[in-house]
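Since the structure comes first, as structure tokens, the remarks are kept for the end.
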Amino acid sequence: MARFDRLGTHARRVTFATLVIASTVMATLLISAALQEGGISPLEFTLLVLYTVLFAWICASFWMATIGFVLLLFRVRRFDITRRTRLQGATALPGDLSRTAILMPVYNEDPQRVYAGLRAIWESLAATGEGRAFDMFILSDTRDPDIWVEEELRWRELCLATGGGGRIFYRNRPENTGRKAGNIKDFVCRWGARYRYMIVLDADSVMSGDTLVQMVRLMDRDPRVALIQVPPLPVNHESLFARILQFAGSLYGRMYTAGLNFWQAGEGNYWGHNAIIRIEPFAQHCGLPKLPGQEPFGGEILSHDFVEAALLRRAGWKLWLAHDLEGSYEELPPTLIDYAKRDRRWCQGNLQHLRLIVARGLHPVHRVHLAMGVMSYLASPLWAAFLLVTGIEAYVKSRVEPVYFFGQNLFPVWPASYTVQMTTVLAVTLAMLFLPKLYALILLLFDPPRRRQFGGLLHATASVILETLFSTLLAPVLMLFQTKFVFAILMRRAVGWPTQQRGDRATGFIEALQAHGGQTLIGVIAGVLTYLYVPSFFWWFTPVLAGMLLAVPLSMLASRVGAGLATRAQRLFLTPHETGRPPVLERLDELLEGDSRPAMPGTASGDLWQQAIRHPYVHALHRSVLPEVGPLTRRRRHHLDGLLYHLIDDSARDMAVGERRALIANPQHLGESHAAFWAQMPDARGGADPSIA
Amino acid sequence: MDPELAGERAARLHALQRAMGERADGGSIAGWEPIRERLLEYLRLCGIAVGTQAEDLLAIVRQRLRQMLPLRQDDDPVAAAVRELLAVIDAWLAEELAIDPARDRSRLLMARAALLAGGAADDWPAHVAQNLHGRFAARLRAVMVPAVPEQAGLNMPTQDLSLRAPGLIRDRRDLRSRRPSSAD
């Protein structure tokens, strides 16, 4: 049975690879036929190589969508993990779930959003009746002291509001070594043996209780599986940019994930969150080394997820993509600029994988995953190079005078026409880019309930057309962004660990100009040059130019919530989570409408971190959560005393974030600070009348 | 430290010590007043209104301060009073909840947070002042939430990610021979 299964997987991979390679070879042959007249020049050869690589990249995506389309259309479910485990028989009884920890790693995130999400998840889990199998950990790497204290206050509130005391835990690491991967490692090394599985979330993740329970059941049923990834649907933002991306993700995403699952099978990947992981093999095989050399290619592994997946597979474990499980959500960056900032971070992590592709012992499919991750960013500079070389080639061609009479020929020799080949290549390329959108509409046609969730076929079609226009304009902007990022990384300019901007906000003109001004300038220069020197190319080039020239207004318009809501009022870009809000998201909405500040007794004003020194309750809570540390050295004590008097005498305005954090990070000194602050805080002075003496 | 502040602290200390001494003789309590005000403000932040309950609690703090006299020259009387107030509360909590303060400091602090948050009851100062026990334990335990569970960790050894040429065929053979231990 296992051998038969393996053969089936091989057959599917061969099918997929054949489709991609055959299409690429055919397209390359067509274009090379057009280019090779009179021999191939170095420029043409470059063009051919670039085209081949880029076409193969598009092809892989296209065939994944096509396979996914066929599987969904004919409801073929035999390759799904949800179906396979059922076929193979259960090893665990329903209701007998293994102990599972839900992990929420956070780093300077908006606490209100984080805790609203956690509470919605916890309540949804409780509603399943299976909640006792789960504990929850807020694994804070937060450095901002204000956010840190707020996290603690909200953690206690969450425990009391849900009755989750003793099952919902909070800790803040003194040092955030190893970033997110180090944060998870810290959990495994301290509490990993208490649980069989961990479900890793992201700060903006939301998962329904039913989905969490199903994930554990699936793991319980197949002891060879180390990881199941559930694709998250993008939800919740209202800016035009986010709504269009949410629409695209909801409508097309299913096809791509079904197609991806078709060929990756048990060699699936890990996307960093909304996944369940078997802790023991993770501990045994996923301790990440530091890569030799300096950043950006050396040092800590930034995009740890792909590597952890590869290491689990290297140890013989299976990893699956449960593409048909619903109830898994995430939020996208709300604006184009925030999206680009996130890309900048991911870009460095993915390019770091370049050297790991050849790491020893990895499964070939995982090498492909790593290569695809790299290619998702390298494709942009390759596209930019392709456009540049095409322009130069067109210019060179335009300077050559056709010769009709040569040699001993009596009659003119007309230049060979390759219109058919070139038109075919263009049509095929465009079809590969746009056909998946048509597939999605065809799937809606055969699925009336889902069609209604997208606002009906008419509105869905209009949305697809507008989304296509938007993504066409967006493509060159992202291409330039990513090209810049790749070059910046190649120039060894490392990226930090900036917090992601997650809330809706409008992009201002200055911000847009700073981000897109260079792109617009490139558009103007490229437009003028092509119009003057290669006018025939200019008109082909206009879709790319339009994106660059409109980058500033497009970025500003797309960031507007008003524009997003206006399109929603027109029933455009509707998604299932908007038309029929899942209960867990509805609960999240309700919770976000509540208080924006955590509750505490009395009337306390000022920054929350100062309350950890001043406010009796906040102080006690904060100290109770702080890990015990060794005795203070005299030097350290003097330093902290100095900071405290700085706070008391000169206020905290010019104190650095690190200094503020230091003041509330040592339990021993904090206890002393509390009493000293009450004695010496500004409004206490003069309370005792010196004249009494 | 700011010399002005140091002078101010010394003056307050002197006033307090004199007041405590005078009080013992039935005299003025002028040096205690600013400390009392400060402690009342402290309790107000815990949601405790000025009244008999608060005054009873402060009387105990005052008594303890008196026993501490003379204070160290570098100690501030208000700081000492706040410390004593917390010591009174902590001692009561430790007895009420059977917590060993030396061994389980963070649990005691969590209990204090639970008490000061007002989750257990509003009239706790009276119980602390009169050292009454037994009424709050269950309620306090219900609102005390441990930050982390008992440790039970796993080792996470660092993996080898040698960046040498892969030797794909050998790798493939290796991969086939590997099976997860739990599946055996």
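Order of the sequence lines fixes the chain letters, A, B, ..., with proteins taken first and strands second; residue numbering starts at 1 for each chain.
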If one checks every heavy atom of Arg105(B) against chain A at 4.5 Å, the contacting part turns out to be side chain
Cut-off 4.5 Å, heavy atoms of chain A, and the answer for Val82(B) is side chain
Go through Met110(B), Arg107(B), Glu37(B), Met144(B) and name the one with the most non-hydrogen pairs under 4.5 angstrom from chain A.
Met110(B)
Answer key: most heavy-atom pairs under 4.5 Å with chain B among Gly192(A), Pro616(A), Pro667(A) is Pro616(A)
With no hydrogens and no angle check, is any side-chain donor or acceptor of Gln352(A) less than 3.5 Å from a backbone partner on Glu300(A)?
yes
Least distance between heavy atoms, Leu160(A) atom then Ala142(B) atom
CD2-O, 4.4 Å
Trp124(B) ring center within less than 6.0 Å of Phe136(B) ring center:
no
May I ask you to check whether Arg614(A) and His674(A) show a side-chain donor-acceptor distance below 3.5 Å?
no
Ile301(A), part contacting chain B, at a heavy-atom distance under 4.5 Å
side chain
Report which part of Leu311(A) has an atom under 4.5 Å of a heavy atom belonging to chain B: side chain, backbone, both, or neither.
side chain
May I ask you to check whether over 12 heavy atoms, not counting those of Asn131(B), lie within 6.0 Å of atom CG?
yes
So for His622(A), is it side chain, backbone, both, or neither that comes closer than 4.5 Å to the heavy atoms of chain B?
neither
Max heavy-atom pair count under 4.5 Å with chain B, selected residue of Phe187(A), Trp191(A), Tyr170(A):
Trp191(A)
Cut-off 3.5 Å, side chains only: do Trp148(A) and Glu152(A) have a donor facing an acceptor?
yes
Most contacts with chain B, counted as non-hydrogen pairs under 4.5 angstrom, among Gly163(A), Gly642(A), Gly671(A), Ala283(A)
Ala283(A)
Contact leader toward chain A among Leu43(B), Asn155(B), Leu85(B), Val145(B), where contacts are heavy-atom pairs under 4.5 Å
Val145(B)
Donor-acceptor contact present, side-chain Arg167(A) to main-chain Phe134(A), <3.5 Å:
yes
